[in-house]
Visitor: 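Have a look at this one before I ask anything.
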Amino acid sequence: MPRVAVRVLMTVGDQAEIVADVPPAERAEPVRYPAAEVAEAAGVPVETLAGRRLLADLGDDDRLTGWRLA
């Protein structure tokens with residue numbers, strides 16, 4: 001399973017907006033994941049997710065899992 005670098009742009013309600021950790025001109029639209037799920041997997045409080053750089057596993061279905069701090 002490929003590992004990718006991502007960045008949490010912000011949290012909106014109970015969701016975290018995730019983008020690839022690449023220059024802004026190269027980014028696709030943000031994808032939302034449950035903030036609590038991302039925070040728990042990465043071992044950080046939800047309140048500190050915004051701006052964090054993480055690594056995640058990219059599944060065959062293009063879903064990210066296995067969140068951890070970069």
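Every value quoted in this text rests on a predicted model; they were computed, and no experiment measured them.
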Visitor: Please give me the minimum heavy-atom distance between T11 and A35, naming the atom from each residue.
Guide: CG2-CB, 4.3 Å
Visitor: What's the shortest heavy-atom distance between P30 and L9, and which atoms?
Guide: CG-CD1, 3.8 Å
Visitor: Connecting only ILVMFWY residues whose side-chain heavy atoms lie within less than 4.5 Å of each other, what is the rest of V38's hydrophobic cluster?
Guide: V4, V6, V8, I18, V31, Y33, V44, L49, L54, L58, L64, W67, L69
Visitor: Check for a donor-acceptor pair, side chain of R27 on one end and backbone N or O of V22 on the other, with a separation under 3.5 Å.
Guide: yes
Visitor: Test salt bridge (Lys or Arg N to Asp or Glu O under 4.0 Å) on D57 and R68 and set out the steps.
Guide: CA-CA 9 Å; D57 298 323; R68 56 203 158 280; 2.9 Å; yes
Visitor: Once side-chain hydrogen bond (donor to acceptor under 3.5 Å, both in side chains) is applied, what residue pairs with a partner in residues 39-48 remain, sequence neighbours excluded?
Guide: T48-R52
Visitor: Could you pull out the closest heavy-atom pair between P45 and A39, with the gap in Å?
Guide: C-CB, 4.1 Å
Visitor: Drop me the distance from Q15's CD to E37's CD, to the nearest 0.5 angstrom.
Guide: 9.5 Å
Visitor: Using side-chain hydrogen bond (donor to acceptor under 3.5 Å, both in side chains) as the criterion, list what pairs up with R53, not counting sequence neighbours.
Guide: D21
